[in-house]
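These figures come from a predicted structure and were not determined experimentally. Along the sequence shown, residues carry numbers from 1.
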Amino acid sequence: MARKKRPIQADFNRLQRGAERRIAGLCRRLVDGKLDAAAWSDQMVGALAERHGAAAALGRQKAGRPGPRGKEDDQLGDAVATLEAKFLYRFQQDIEGGRYTDDDGELDGDRITARAKLYARRLLGTANEAFVLATPADTLLDWHLGYTEDNCDDCPTLAENGPYRPEDLTFFPRSGDTRCLFNCKCSLVRQDGITSFLAPE
């Protein structure tokens with residue numbers, strides 16, 4: 001049986017686009033009155049957990065550990081979604097408090113959707129974490145700066161201080177732990193030539 005190929009950038013891009021569509025759909029239901037803010041927040045957490053599990057599977061497979069999505073992937077996805085739930089609760093409070101309500105008492109769907117779609121950017125952080133977790137312990141990784149001239153203060157330092165052993169990396173591009181948060185365009189490159197997914201342009 002032929003060995004399954006590693007996933008490619010297009011696979012991750014497809015996942016992120018699908019997550020953005022799902023988020024936009026939930027926002028439409030909120031604005032249309034089919035969901036209240038609390039139910040919307042709960043469904044957002046569920047949608048993110050599912051997509052983060054898928055991102056974890058892609059990252060693991062990209063690192064060279066094949067196999068269909070499984071319990072380990074979903075556990076990572078659930079853990080990330082649990083962390084995101086804290087921020088979604090604040091978002092919910094902003095909605096309930098009138099931050100996104102116009103003078104006519106209607107919710108501003110465009111502004112809500114624009115903010116909500118930012119949560120899809122965190123998927124790359126999960127894929128990167130799974131990529132590192134699945135990298136052999138004796139394989140070093142470099143932090144490569146992304147396609148921008150305006151890097152945050154953290155990323156150039158991370159690039160200069162490499163290479164890293166997998167166990168030394170406790171945060172990852174787009175995990176939200178660098179000052180550029182989910183705008184990070186950096187990537188991880190293993191010294192055996194395998195590269196993590198890139199931030200979609």
Would you check, one step at a time, whether the test side chain to side chain donor-acceptor pair (under 3.5 Å) holds for N183 with R121?
CA-CA 8 Å; N183 296 314; R121 293 188 176 192; 2.4 Å; yes
side-chain contact (heavy atoms from CB on, under 4.5 Å), that's the test. Do T101 and D108 meet it? Break it down for me.
CA-CA 6 Å; T101 303; D108 188 331; over 6 Å; no
Could you give me the CA-CA distance, side-chain angles and deciding distance for V80 and R122, then say whether side-chain contact (heavy atoms from CB on, under 4.5 Å) is met?
CA-CA 9 Å; V80 175; R122 178 64 174 81; 3.9 Å; yes
Dump the intermediate steps for salt bridge (Lys or Arg N to Asp or Glu O under 4.0 Å) on D11 and R14, then the final yes or no.
CA-CA 5 Å; D11 296 313; R14 192 177 305 113; 3.0 Å; yes
side-chain contact (heavy atoms from CB on, under 4.5 Å) between K86 and Y89, worked out
CA-CA 5 Å; K86 296 185 299 182; Y89 180 62; 5.9 Å; no
I'd like to know whether W40 forms a ring pair (Phe, Tyr, Trp, His ring centres under 6.0 Å) with F91, so could you lay out the CA-CA distance, the side-chain angles of the two residues, the decisive distance to 0.1 Å, and finally the verdict.
CA-CA 10 Å; W40 170 84; F91 195 174; 5.0 Å; yes
Please evaluate residues D74 and R69 with respect to the criterion side-chain contact (heavy atoms from CB on, under 4.5 Å), reporting the C-alpha separation (whole Å), side-chain torsions for both, the decisive distance (0.1 Å), and the verdict.
CA-CA 8 Å; D74 287 334; R69 177 177 170 179; 2.7 Å; yes
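The CG atom of L158 sits 12.0 Å away from the CG atom of D142 when rounded to the nearest 0.5 Å. Going from atom CG of N128 over to atom OG of S175 covers 8.0 Å, rounded to the nearest 0.5 Å. Between the SG atom in C155 and the CG atom in L145 there is a gap of 7.0 Å [rounded to 0.5 Å]. With rounding to the nearest 0.5 angstrom, the CD atom of Q92 is 4.5 Å from the OG atom of S41. Distance check, rounded to the nearest 0.5 Å: CG of L188 to CD of E129 gives 11.0 Å. Atom-to-atom distance recorded for L88:CG and L48:CG is 6.0 Å, nearest 0.5 angstrom.
Under a hydrophobic-cluster definition in which Ile, Leu, Val, Met, Phe, Trp and Tyr are linked whenever side-chain heavy atoms come within less than 4.5 Å, directly or via other members, Y164 and I194 are assigned to the same cluster. One hydrophobic cluster holds both L15 and L124 under the rule that ILVMFWY side chains link at heavy-atom gaps under 4.5 Å. L140 and V132 are assigned to two separate hydrophobic clusters, defined by single-linkage of ILVMFWY side chains at heavy-atom distances under 4.5 Å. When hydrophobic clusters are built by joining Ile, Leu, Val, Met, Phe, Trp and Tyr residues whose side-chain heavy atoms come closer than 4.5 Å, directly or via intermediates, L83 is not grouped with L118.
Under the side chain to side chain contact (heavy atoms under 4.5 Å, CB included) test applied with Q43, the options L30, L35, I23 reduce to a single match, L35. Among Q16, R17, Q9, the single residue meeting the side-chain hydrogen bond (donor to acceptor under 3.5 Å, both in side chains) criterion with N13 is Q9.
A salt bridge does not link R51 to E20: none of the charged side-chain nitrogens sits closer than 4.0 Å to a carboxylate oxygen. R29 and D32 are not joined by a salt bridge, as no carboxylate oxygen comes within less than 4.0 angstrom of a charged side-chain nitrogen. Here R165 pairs with D168 in a salt bridge; the nearest charged N to carboxylate O distance falls below 4.0 Å.
Here the side chain of D73 pairs a donor or acceptor atom with the backbone of G70 at under 3.5 angstrom. Using a distance-only test at 3.5 Å, with no hydrogens or angles considered, no donor-acceptor pair links the side chain of K62 to the main chain of R6. A donor-acceptor contact shorter than 3.5 Å is absent between the side chain of D104 and the backbone of E106. R111 places a side-chain N or O within donor-acceptor distance of the main-chain N or O of R99, the cut-off being under 3.5 Å. At distances below 3.5 Å, not a single donor-acceptor pair connects side-chain atoms of R174 with backbone N or O atoms of G125.
Taking each heavy atom of P7 and Q61 in turn, the nearest pair found is CD-CB, 3.6 Å. Heavy atoms only, all atoms of each residue included: C27 and I112 are closest at SG-CG2, 3.9 Å. Closest approach of C186 to P173, counting heavy atoms only: O-CB, 3.4 Å. Closest heavy-atom contact between R60 and G67: NH2-O, 3.1 Å.
Ring geometry for F12 against F197 counts as parallel: the plane angle stays under 30°, on a 0 to 90° scale with 60° as the upper cut.
Side chains of H52 and T126: a donor-acceptor N/O pair is present below 3.5 angstrom, by distance only.
The side-chain heavy atoms of L141 and P166, taken from C-beta on, include a pair separated by under 4.5 Å. Two residues are said to be in side-chain contact when any heavy atoms from C-beta on lie closer than 4.5 Å; E160 and W143 fail this criterion. Counting heavy atoms from C-beta on, the side chains of F182 and Y119 never come closer than 4.5 Å.
Annotation: cation-pi geometry satisfied between R190 and F131 (NZ/CZ under 6.0 angstrom from ring centroid, within 45° of ring axis).
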